[in-house]
Number of protein chains: 2
Amino acid sequence: MSDTRSQLKQIAIEQIRRRTLHAASFRELGKVAGIKSSSVHYHFENRDALLLELVKDYEQDFFIRLEQRCHELSDPGQQLQQLAALFLLSQQSQYQCLCLAFAAAGDETNDQQRAAVEQFLQRLETWISAVLARAADHADSAPQLARVILSALEGALLLDRDQPQAPRLNAVSQWLTTLIRSHSDQQPETL
Amino acid sequence: MSDTRSQLKQIAIEQIRRRTLHAASFRELGKVAGIKSSSVHYHFENRDALLLELVKDYEQDFFIRLEQRCHELSDPGQQLQQLAALFLLSQQSQYQCLCLAFAAAGDETNDQQRAAVEQFLQRLETWISAVLARAADHADSAPQLARVILSALEGALLLDRDQPQAPRLNAVSQWLTTLIRSHSDQQPETL
DNA sequence: GTCTATACTCAGATAGAC
DNA sequence: GTCTATCTGAGTATAGAC
């Protein structure tokens, strides 16, 4: 699977998530990988093609990890916490959400890339909504609440950039637990 | 107040909020204003100085508008709705939050600028928290809930970029009304 | 205040040698 | 696969003419 190629993709992801989309230039990728930018062009048709590939990979990887974590969990509240844990882990590693970085880049992305980002967001919204629907009597409001939760998680991750204590993301994570508690019957044991 | 200077600042704000921080280059500002980039340098020491000025202006303008809207409102629920309305208006005009654009720009900003952004965020958090504290019995959780609300509003605004229907931001706005309803005694009249 | 001219750097992309 | 060399265009910034 072409070692250099996948290495370049990994470097690109790091640049985007730790810095900005803009920072993932062919020159920079080459510099980090120890080759010239012209050699990077050998592995990818152009920059836009690479970026699109990254978004699609990201969606795959994200949901694989999410499902792995929720795999043997039946409680909706615990599943939501796993999602929050994924965001908290990301924050601790000083990683942004790749898709949010794309969203923030605005017209520096093309239509295909924007569509791929939107697909990721809607898939995650759908996932959250399905979890909520199983949690309580709020089956009607689940899609709406899912949008709020996604917005809060993504917003908090971005706002807590350079904030080691992650005050916003922790607040969101904590809020999620209270949300589920009021939606389901079970009592919390130890917090 | 130097017409050209304030015009350049206005153009810069538009570039950042409609596109990205990156799009607010001296060349671009000059092009839109009809002068050369070297002439832009006459009005601002350098780009970083301009950007810092913009963030400080933004904080001022934002809270002036917010206070104007809440001026003769005593109900906390209505005040929160005015905040949401500000975000919805922004979305309709296809404007991002300037501070979120800075946050997303990561290391393309300097320490001073990041500090100014963080100051804006904390001031808004404090404002929301104060409103919440007056709303109900949740005085303890007000600061935490304020962080969730701010994250949700900012996140939704960014996620709904290029989404004319603004599904996330509308969901957040609606969620805010239910929040207050359950926190206060009064019944909603007409939505 | 604005211009031209210039210096330097960075970006994407391609041609052709090895 | 990677290199050098090159083109084009964009960015910050400065010096000095008008």
Side-chain angles (χ1 to χ4, degrees), chain A residues 1-55 98 101-102 104-114 116, chain B residues 1-55 98 101-102 104-114 116:
Chain A
M1 54 182 76
S2 172
D3 215 27
T4 307
R5 195 185 136 93
S6 52
Q7 189 202 353
L8 286 168
K9 282 170 71 167
Q10 191 52 47
I11 294 167
I13 290 171
E14 290 235 349
Q15 290 293 324
I16 297 171
R17 296 189 64 186
R18 277 205 218 272
R19 311 221 275 145
T20 61
L21 190 70
H22 193 241
S25 68
F26 273 24
R27 278 169 126 92
E28 184 70 20
L29 304 189
K31 191 184 288 179
V32 177
I35 59 178
K36 295 294 171 184
S37 77
S38 51
S39 302
V40 179
H41 277 275
Y42 171 82
H43 297 281
F44 304 98
E45 259 201 68
N46 52 45
R47 187 168 176 266
D48 276 339
L50 164 61
L51 296 184
L52 181 59
E53 219 176 303
L54 294 181
V55 178
L98 185 120
F102 272 72
D107 58 7
E108 287 174 23
T109 59
N110 64 26
D111 290 347
Q112 269 191 351
Q113 292 155 4
R114 274 192 285 273
Chain B
M1 53 183 79
S2 173
D3 215 28
T4 307
R5 195 186 137 92
S6 53
Q7 189 202 353
L8 286 169
K9 281 170 72 168
Q10 191 51 49
I11 293 168
I13 291 172
E14 289 236 349
Q15 290 293 325
I16 297 171
R17 296 189 64 185
R18 279 205 216 273
R19 311 223 272 144
T20 62
L21 190 71
H22 193 241
S25 67
F26 272 26
R27 274 171 129 92
E28 184 68 20
L29 304 189
K31 192 185 286 179
V32 177
I35 58 177
K36 296 293 173 185
S37 78
S38 51
S39 302
V40 179
H41 275 275
Y42 171 81
H43 298 281
F44 304 98
E45 259 201 68
N46 52 44
R47 187 168 175 266
D48 276 339
L50 163 61
L51 295 184
L52 181 59
E53 219 176 304
L54 293 181
V55 178
L98 184 120
F102 271 73
D107 58 7
E108 288 174 22
T109 59
N110 64 26
D111 290 347
Q112 270 192 349
Q113 292 155 5
R114 274 193 284 275

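Note: NE2 (A:His43) to C1' (C:dA13) measures 16 Å, nearest angstrom. B:Leu50 places its CG atom 10 Å from the P atom of D:dT12, with the value rounded to the nearest Å. Per the geometry, CG belonging to A:Asp48 stands 10 Å off C1' belonging to C:dG12, to the nearest Å. The distance from atom CD of A:Glu108 to atom C1' of D:dA10 is 12 Å, rounded to the nearest whole Å. Atom P of nucleotide C:dA15 and atom NE2 of A:His41 are separated by 12 Å, given to the nearest angstrom. Atom P of nucleotide D:dG9 and atom NZ of B:Lys31 are separated by 11 Å, given to the nearest angstrom.
Residue-to-nucleotide contacts include a donor-acceptor pair under 3.5 Å from the side chain of B:Arg27 to the base of D:dG11. At a cut-off of 3.5 angstrom, counting only N and O atoms as typed in the model, there is no donor on one side facing an acceptor on the other between the side-chain of B:Ser38 and the base of C:dT2.
B:Thr4 has a side-chain polar atom (N or O) that falls below the 4.0 Å cut-off from OP1 or OP2 of C:dT2. One finds no side-chain N or O of A:His22 lying less than 4.0 angstrom from the OP1 or OP2 phosphate oxygen of C:dC10. Phosphate proximity of D:dG1 to A:Ser39: absent, as no side-chain N or O sits under 4.0 Å from OP1 or OP2. The shortest distance between the side-chain N/O atoms of B:Ser2 and the OP1/OP2 oxygens of C:dG1 is below 4.0 Å. Between B:Tyr42 and C:dT2 there is no side-chain polar atom (N or O) within less than 4.0 angstrom of OP1 or OP2.
The shortest side-chain heavy-atom distance between B:Tyr42 and B:Thr4 does not fall under the 4.5 Å cut-off. Within the 4.5 Å cutoff, no side-chain heavy atoms of A:Lys31 are placed close to those of A:Arg27. Contact of the B:Gln15 side chain with the B:Thr20 side chain is not registered, since no non-hydrogen atoms from C-beta on lie closer than 4.5 Å. A 4.5 Å side-chain heavy-atom check between B:Phe26 and B:Asn46 finds every atom pair outside the cut-off.
If you check every strand for non-hydrogen atoms under 4.0 Å, A:Phe26 touches sugar and phosphate atoms only.
Only at 4.0 angstrom or more do the heavy atoms of residues 8-21 of chain B sit from any atom of DNA chain C, so none qualifies.
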Test side chain to side chain contact (heavy atoms under 4.5 Å, CB included) applied to B:Asp48 and B:Leu52, step by step
CA-CA 6 Å; B:Asp48 276 339; B:Leu52 181 59; over 6 Å; no
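Nucleotides of DNA chain C nearest to A:Ala23 and A:Glu45 differ in position, and the one nearer the 5' end is that of A:Ala23. Of the residues near DNA chain D, B:Glu28 and A:Ser37, the one whose nearest nucleotide (by heavy atom distance) lies more toward the 5' end is A:Ser37.
Relative ring orientation between B:His22 and A:His22 is described as tilted, the plane-to-plane angle lying within the 30° to 60° band.
Closest to the side chain of B:Ile35, from the set C:dA13, C:dC3, D:dA13, is C:dC3. Comparing D:dA13, C:dC3, C:dG1 by their nearest atom to the side chain of B:Lys36 picks out C:dC3.
Salt bridge A:Arg5/A:Glu53: present, at least one basic N to carboxylate O contact under 4.0 Å. Note on B:Glu108 versus B:Arg47: no salt bridge recorded, every NZ/NE/NH1/NH2 to OD/OE distance being 4.0 Å or above.
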